[in-house]
There are 2 protein chains.
Amino acid sequence: MPRNPVLSASRIRTTALDIIDRDGLDGLSMRKLAAELGVRAASLYGHVSTKDDLLHEVAGEILEKVDVSGFAEGDWRHGLTMCARSYRAALAQHPNIVPFLAYGPAHRDASLRRLDVVHGALVSAGWTRREATMIAASLMYLVFGAALSSFSSGFSEDQALYRDRYPNLDKAHLLPSVARELDHDSFELALGAFVAGLAARAPVPPAPTGSAG
Amino acid sequence: MPRNPVLSASRIRTTALDIIDRDGLDGLSMRKLAAELGVRAASLYGHVSTKDDLLHEVAGEILEKVDVSGFAEGDWRHGLTMCARSYRAALAQHPNIVPFLAYGPAHRDASLRRLDVVHGALVSAGWTRREATMIAASLMYLVFGAALSSFSSGFSEDQALYRDRYPNLDKAHLLPSVARELDHDSFELALGAFVAGLAARAPVPPAPTGSAG
DNA sequence: CCTCCTTACCGAACGGCGTTAGGTTTCAAC
DNA sequence: GTTGAAACCTAACGCCGTTCGGTAAGGAGG
């Protein structure tokens, strides 16, 4: 090596994600990223092929944290719930990159591997393949919708702004200070209601151990 | 007027949305938009204050088409379902702008007015204000998630690409040719299951006309 | 008719963007 | 001591959103 390299692919990814978390997706530029790394923009291209590629790598790193092991225990309701929670938790840690993550989830390996597990588990539980696909899709809707259109970054601190125009919304629980908790509870409500509604039309379980009628 | 104006705010909005629909959100630039209108970029700024502002106007126009009149009939389940379908339909017509729409739904007047109606109807139906807020949020999750992470623009036409790597996903119904229908059915499944699951924990209805016990 | 003034568009430019081509420095290996 | 490649650099290209100062058109007032 000429001198100890200042850059590495992983340090670039980490710093890029830091900037995204701090300044938003639009706040990330190759020049700013380079500056933050003590380097000029051109130097990044020795480690990263493209900005878009860098974003995909960062995205992949985030998605790797999604845990679908909840399906191993055999109960699809539990698996679905755990997977959704894990997915949302992973996205909620980096809300600014969610719009990028959401575009074409089926193009990312980390996403497809997890989808594969979910799909397989649902089919094993007795759902048809088409149903399994639709359930997995529905779960994505919930998770990405919750991560994206979250209330946390929605409402103004100034309650009076809403009071006059939207009579039904003049409520203290719209304040950002409690919005985070509200987001969490809303997601749990949506997830719980969805899984319960799904269970009501569930297929006969394939009786994994005994044959209790 | 000097001569018949070539530009108007509404023509700019329409053309902008056309470009977004055709070339994506990143495909819209002020220069391209101007060219499409037979004009140079600088001329746009006599009618539009900013590109971001233009996008918000376009967003508002789309959201105006969301119909919440389904709540007028008194049954919150019906209202919720109709509203969600209308919302999704409005977004599905312009999928490329959804990432922009999704960011901060609570900052847009058209969005807040509809949210106000939904919230009021749910409270009238006996839900607490906090529950009403969470239900409305959940509905947003579903709608935006469905519009954003839709399968339609997800999978490759080449089935063989998936066959080896994701054994459970080697299914014909992942083909884009049927993905549109799959998206629709998945949304209906998610919506139906959610509303059904919600109904299972519904409050006692306030008996609007008679008092049948 | 001529002048004036507003309207509506245009040319040119600013700073910033992603990206590339072609240098320059540093250090290990022969 | 020379070679050579790795790691970073400067400079530039063509885009972007946006602004400033101009310029042509046509109605209003004399």
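Note on naming: letters A, B, ... go to the chains in the order of the sequence lines (proteins, then strands), and numbering restarts at 1 for each one.
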| Is a side-chain donor-acceptor pair under 3.5 Å present for A/T50 with A/D52? |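 Not at all, the side chains of A/D52 and A/T50 share no donor-acceptor pair under 3.5 Å.
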| said: Could you tell me if B/H47 and B/S8 have a donor-acceptor pair between their side chains, going purely by distance under 3.5 Å? | reply: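 No, no side-chain donor-acceptor pair sits under 3.5 Å.
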Give a yes or no on whether the backbone of [Y] and the side-chain of [X] come within a donor-acceptor separation of less than 3.5 Å.
X      : Y      : answer
B/H94  : B/L17  : no
B/S186 : A/A137 : no
A/R114 : A/L63  : yes
B/R108 : B/L101 : yes

| field | Heavy-atom protein contacts under 4.0 Å, nucleotides 15-20 of chain C, coded B base, S sugar-phosphate only, - none | value | --BBBB
d([atom1], [X]; [atom2], [N]) in whole Å:
X     : N      : atom1 : atom2 : value
A/H47 : D/dA6  : NE2   : P     : 12 Å
A/D26 : D/dC16 : CG    : P     : 16 Å
A/R40 : D/dA12 : CZ    : C1'   : 15 Å

| Between C/dC10 and B/S43, is there an OP1 or OP2 to side-chain N/O distance shorter than 4.0 Å? |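 So the side chain of B/S43 is within the cut-off, an N or O lying under 4.0 Å from OP1 or OP2 of C/dC10.
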| task | Using both pair distances under 3.5 Å as the test, note the stems of at least 3 consecutive Watson-Crick or G-U pairs that include DNA chain C. | result |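 Consecutive-pair runs (3 or more) involving DNA chain C: C:1-30 with D:1-30.
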| message | Tell me whether the rings of A/F187 and B/Y141 are parallel (<30°), tilted (30 to 60°) or perpendicular (>60°). | response |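 Tilted.
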| query | Is B/L28 close to B/D23 at the side-chain level, that is, under 4.5 Å between some pair of heavy atoms? | reply |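 When only atoms from C-beta onward are counted, B/L28 and B/D23 do not touch, as no gap falls below 4.5 Å.
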